[in-house]
Structures are given as structure tokens and as C-alpha cells.
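A quick write-up on the structure given underneath.
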Amino acid sequence: MRKFKTESKKLLDLMANSIYTNREIFLRELISNASDALDKLYIQSLTDKGIERSAFEIEVAYDEKARTVTVTDNGIGMDDDSLEKNLGTIAHSGSQEFEAEAEAGKDEIDIIGQFGVGFYSSFMVADKVTVTSRPYGSEQAWRWESDGVEGYTIKEAERNERGTEVVLHLRENTDDEDYDTFCTQYTLEKLIKRYSNYVRYPIMMEVSKQVEKPRPEDAGDDYKPEYETHTERQQINSMIPIWTRKQSEVSDEEYNEFYKSNFHDFRDPLRTISLHAEGTLEYDALLYIPTEPPMDMYSRDFEKGLALYSSNVMIMEECPDLLPDHFGFVRGVVDTKDLNLNISRETLQKDRQVQAIERHLEKRITSELEKMLADERDTYDEFFQKFGQSFKYGIYSSYGALTDSLADLLLFYSAAEEHDVTLKEYCEAAAADQKSIFFATGETIEMVAKTPSVQAVREKGYDVLLSTDGTDELCFMSMNKYDDKDFRNVAQGDLGIESESDKEAAKKANEENADLFSTVGDKLPDEVKEVIASPRLTGSDDAASCVTAAGQVSIAMAKYFASMPNNEGAPKFEYVLELNTHHKLFADLQDAVKAKDDEKVSQYATILLDQALIAEGIGVEDPTAFNEAINALIA
């Protein structure tokens, strides 16, 4: 027996027990090796016209009684020196040398499977591996055999044709691992279709099926169909990936069927995007925008990612590095040669190539959505209702860094237009001197539209974006500006739209009623920072009062923080109670203050604050006190 080198033994143990996280990968690696061997023979056939390319194939077989899995190819084969070189030293690969020698054919071939590291994944499921190989042009075959522990043997052998046969003798089952499952037709078919479905050569296997026997001519009405087992040699893989074909060559039905069968959706996709990048960065991509979001899309358990292939061999079922989070709902496939893979080929190294592909895909998806927005507005409106939250999350989770790429995809309900508009449409309809984009938040569009703050801004001729999404304000704050206009919550501070006369009138009212406002403030809870004359409620038909935010924390944000389970560290919120000095209720309040009717002043203060809170969709702290105050005043 030839001994493994010390470093090889250590690496073998690492290969079988640590590097590969998924034991079923072994079949992918062996099929990739077989494809590699056929590729090498293909290059040989360019100069040797006696090689029949149409006969190239890979065969997978299994024996349940012997508990073996066999992968065979009729490729280039290996002699004893090649077996020693490729299998005797773990992690050695002849691919680089081969690629250098085959430079003339490099446009037609690519090496993904290779003897060396990938081959040793076999020992994750097998306690003995036998490799019998006969090189092209030779009558002599050789057999390499190892238990993957101490070493290996290489002996002369017999094989009727060129190529390589790899036989895996499965490990004994344990309480934690059922190795017998790898010796069944169902599992092997599943693994071939999952990982090697698009290998460029046919993968053949003996397949057993239950076939109904012909009905006897004399069968009666009570005849029950009888079945027999029929075995036939069948091609398992489809070979030609749909994503490598030109879009003009693939029907919508084919695209839709591929989507539904591979991404487990019974609905047709909303959009299909086919990409073929050439040049310094080469890849094929087939992307789908779903019609409906996944059930768990907005949960922590949701996993984004595209299926990643390298030269038609699947590397990862869901590669998250190829999609930004805000496009996590997109499904599809990326196939590229330009990948730096780690030793197990299960984990993608984060390099410039991956980042470049992600940027390309992000731009293409954005372009497709912008086209939908421009050409099919009703379709986009419906799409945004289902997926738009992702774009808002993308903006505020990036602290506004993605504003330029996502802001134009956002939709908000316009109080003036009474339907959803883009920020661009809002700004185009705004007054020439308008410096802000006004918005308001609440429980429902109807409730928000009727709040005193919104009504006051609308009466001055400005549109207001109405939102019922608690994250919208975070999104606005993260964007900071759009089209040189800042974002202003209409229920917060000075909006900059009050006329000079309104400001002067409010200032004068504050000075003349300073004692009244102080008295009313003393009757109210600690949350009320001050009571002032409203510069926005200036008509007798306007509401009697409204509340605004005293600081940077708006009313909507205060409600959002209050709804969180752990809100002890949430920013403190304080109200400013604005009173309409032109309203009849204010005149009644003045009379009560002059009469020094302390109880009535308290009742008016309670009513003015609580009705302002109710108008903003905020529950009153003491509904009983509010009702008693109303009853006392109208009695």
C-alpha cells in the first residue's frame, strides 16, 4: 500500500468531516470529474477525427444489495502515473496544466469538475472507493483503491473501453446518518437534477417504472389494473440550460414552466428577465419577478438568493451575494465561469467579480421596474402594493445611501390626486416656490386626510402625501431630500408655509393670551410641553385645536416606538397644543379663565387636548375624564 503524505491525511480528514457541509455534494463532484474527462477527450477529437463525439456520456448506477454507487464515463481516462498524480496527492489538480495545453480550444470548454479535492468528497459517504481507468489510446487499464484513511493501491486492471469508473462502497448506517438513501433511484435522480441537470453530456441511468399491463380481452367489469416493473436506460439530465438560450428562441410558456417547476410557485411570474453578458465579465442570468410575494418575505426567516451555477454545474441553491436585500424577492439563476470558489466550492468568495455581477443585476432589475412604471402603471401600482416595502426598507436600512437608485420607484397616496403618485410626479405638480414635500401618517387614508394638520396645509394649496405605513417616516427621514426639497411632517413644527400676516397674528395672540396659555398648560399632563396660538388654524370653521411635535420625534414615530415590545430607550415625545384663537370654543375658554372658574378651565383643557389627539388617530389617555368634561359643559 502506498501511504498518503501526512499533510494529505490531514486534508482528507478535513475534506470528509469539515469542509463539505452537505454530504450529497459527492455526486455533483464525481459527475463534474466525468464531465472534465469528456471535455479533455473532446479537445483530443479536434485533431483525432476517429473519436466519435456523439457517443460521449456519463452513467450513474447503484446496487442496493452490494450498497454501491458507480459513476462511469467514456472520457480521456488515466494511466497509473495520472492516477498517482491526481489521486495520490490530495488537492492536486491537472486542470490548469490541461487548460494551458488546450488553449486553442478554451472558447469551447471549461473545467469545473477535476480529480483532486472534489473527488475526495466521496469519503463522506463511502468507506472504500475504487477507481478503474483506461486512458484513450491504450489497451492497459489501472485500478486505484483506498479506504481514505492510511493510503491507496494502484494495480493493473482490465476494462473493455476507455474512460473511468468510480465505485463507492457506502458506509454503514448510523443513528445520525442513513447512507442507504444514496443507493436508491429516487435520491440519485433527485441529486442529478438538482446539481448536474445542465452538464453538457448525457447522464444515463437504469430507471425502474411501474407500467400497467394490457387489459385481458375477457376481463370483467370488476377487473382491477395490474402493473409490472419495467426497467429502461434513461437520460436524467436535460443538458441544455434554458438560461443560455437566446430569448427569441424560448417561448413564454417555456420560461413560465421553468419558473413554476424550479421555484415552487403555481402562478406565472410577473416579469422574466434574460441576460447574456459578454466581455470582461461573462455570465448568463435568468431572473423572475414574482406575481405574489413569498409568505415569509417580511419575516426574519426569509432567505433571498439566486441559484448559482458555474459552467452548468450548480454551486449553490440560493446565493445571497448576487442580490441586494431590496430585490430579495427576485428568483432566478446565474451561470458564470468568472468565479473564485473556495476549496469545497460550496461557499462563494466575495470578490470583485461577484460584486460586479450583483451591480449588473441590480441595474437590470431597476431598469425593468422603471419600464413597468412608465408603460404599465396599473400593473406597477399593484406590484408596489405587494413588494414596495422592500424598497422603503432598502432606503432607511442603508441610511439613505440607496436613495438615488430607489426613490423613483416609490409610490405614495396623494391627497390632491386621490391616488398613488411618485415623488417625481409630486414635485412636478408642486408650486414653483414650494420648498418641501409634505406628508402625514395615520391609521387609514381617510383618517389622515381629515386631520386638522392636513386640512390646514391643503387649504393653503399644497398637496400632502398620506401614509398608513409606519416605516414611511423613517424612509423620508433617511432620504432627507428629493429634487432639492426636504420632507416635512405636517404635524411637526413650523412648515414654512404660513403667511407673514398669519405669523404676526399668532405672535400677537400668544402675547395677549400668555396667562391663559400658561393656565391651560398647568391643567394638562406632562407630555404637553406648551400651549400656543396656532399659526395654521386661522379660520372660525377650522378645528378648535391640534397637536404638533415639540422636537424631532413626530407623532407617528412616537406611536411606532410605543408599539415596540422593548421601548424603554425610545426617544421621549412631547406635544405642543395649538389653539385656534378664532374658534368659538376659545372664546368660551377665555370667559372661563376670566371668571376664574378653575373646574371649567380644566374641562376645556381636557376637551381641547383630547379632541386634537383623537383627530390625529391617537387614543386619549383617560376616555372617562374626556366624556365627563363634555357632559359637564353641555349639561
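The chain is numbered in sequence order, starting from 1. The figures that follow rest on heavy atoms only: side chains count, while hydrogens, waters and symmetry mates do not.
- Within the structure, every pair that satisfies the salt bridge (Lys or Arg N to Asp or Glu O under 4.0 Å) test and touches residues 251-262, not counting sequence neighbours, is listed here: R245-E254, K260-D268.
- For R233, the side chain to side chain contact (heavy atoms under 4.5 Å, CB included) criterion is met by E57, E59, M204, E206, not counting sequence neighbours.
- Considering only residues two or more places apart in sequence or on other chains, R2 meets the side chain to side chain contact (heavy atoms under 4.5 Å, CB included) condition with E84, Y152, I154.
- Within the structure, salt bridge (Lys or Arg N to Asp or Glu O under 4.0 Å) contacts touching residues 118-139 (residues at least two apart or in different chains) are R134-E139.
- For Y288, the ring pair (Phe, Tyr, Trp, His ring centres under 6.0 Å) partners at least two apart in sequence or on another chain are Y259.
- Every residue two or more places apart in sequence or in another chain that forms a salt bridge (charged side-chain N to carboxylate O under 4.0 Å, His left out) with E172 is listed here: R67.
- Judged as a salt bridge (charged side-chain N to carboxylate O under 4.0 Å, His left out), and not counting sequence neighbours, D81 has no contacts.
- Evaluation of the salt bridge (charged side-chain N to carboxylate O under 4.0 Å, His left out) rule for R331 yields no partner, not counting sequence neighbours.
- Qualifying side chain to side chain contact (heavy atoms under 4.5 Å, CB included) partners for D178, counting only residues two or more places apart in sequence or in other chains: N173, D180, T181.
- By the 4.5 Å heavy-atom criterion applied to side chains, V131 and R143 are not counted as neighbours.
- Checked against ring pair (Phe, Tyr, Trp, His ring centres under 6.0 Å), F258 has no partners two or more places apart in sequence or in another chain.
- E303 is linked by a side chain to side chain contact (heavy atoms under 4.5 Å, CB included) to E318, counting only residues two or more places apart in sequence or in another chain.
- Residues passing the salt bridge (charged side-chain N to carboxylate O under 4.0 Å, His left out) test with E165, sequence neighbours excluded: none.
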In sequence, state the C-alpha distance, the side-chain angles, and the governing distance for Q210 and E228, and then conclude on side chain to side chain contact (heavy atoms under 4.5 Å, CB included).
CA-CA 6 Å; Q210 292 294 307; E228 62 181 354; over 6 Å; no
